[in-house]
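Have a look at the structure below before the remarks.
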Amino acid sequence: MNGIPAFRLEKDVVEAEIDVIKEMGVTFKTGVEVGKDITIEELRKEGYKAFYIAIGCQGGRKVGVPGEDAEGVITGVDFLRKVNSGF
């Protein structure tokens, strides 16, 4: 939740929703690269019947405008990460 400002989505609300999902028996695995660390077939053999595969917080992209390489200019993703970490 590094990139979502609290005024858009409160962190305690997200945590509460995650807790409810965990109580339902859902297993969360983060930092796993499907196809490299494990395959869908391996997950099926482990007994998993459904999967939700998502990307994590991506790096920001430059947009190709003059001055984007100037000192102090950062991407939107980097800005949100800094704001949410308290600088």
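Only this structure's heavy atoms are used, side chains among them; waters, hydrogens and symmetry mates stay out.
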Review point. So I18 and F28, side-chain contact (heavy atoms from CB on, under 4.5 Å) or not? Walk me through it.
Key: CA-CA 10 Å; I18 291 171; F28 289 81; 4.2 Å; yes
Exercise for review: Looking only at non-hydrogen atoms, find the nearest pair between D78 and I74 and report the distance.
Suggested key: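 Taking every non-hydrogen atom into account, C-CD1, 4.1 Å.
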Review point. If you look at every heavy atom in V73 and E68, which pair is closest and at what distance?
Key: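 Closest heavy-atom pair between V73 and E68: CG1-O, 3.5 Å.
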Review point. Is it the case that one hydrophobic cluster holds both V32 and F51, taking links as side-chain heavy atoms less than 4.5 Å apart, direct or via other members?
Key: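 Hydrophobic grouping puts V32 with F51.
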**Study point:** Within one Ile-Leu-Val-Met-Phe-Trp-Tyr cluster: V63 and L80, side-chain cutoff 4.5 Å
**Key:**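 They do not share one cluster, since no chain of ILVMFWY contacts under 4.5 Å joins V63 to L80.
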Check your understanding: Any sub-3.5 Å donor-acceptor pair from E17's side-chain atoms to V14's backbone N or O?
Key ->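 Not confirmed, E17 side chain does not pair with V14 backbone.
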Check your understanding: Does the D37 side chain pair with the main chain of E33, one donor and one acceptor, at a distance under 3.5 Å?
Key ->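 Checking the backbone N and O of E33 against the side chain of D37, a donor-acceptor pair under 3.5 Å is found.
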From [atom1] ([X]) to [atom2] ([Y]), nearest 0.5 Å:
{"X": "I21", "Y": "T27", "atom1": "CD1", "atom2": "OG1", "value": "12.0 Å"}
{"X": "E42", "Y": "T39", "atom1": "CD", "atom2": "OG1", "value": "3.5 Å"}
{"X": "L9", "Y": "K11", "atom1": "CG", "atom2": "NZ", "value": "8.0 Å"}

Check your understanding: If we only count heavy atoms from C-beta on, is the K62 to D69 side-chain gap below 4.5 Å?
Key ->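 Yes; the side chains approach each other to less than 4.5 Å.
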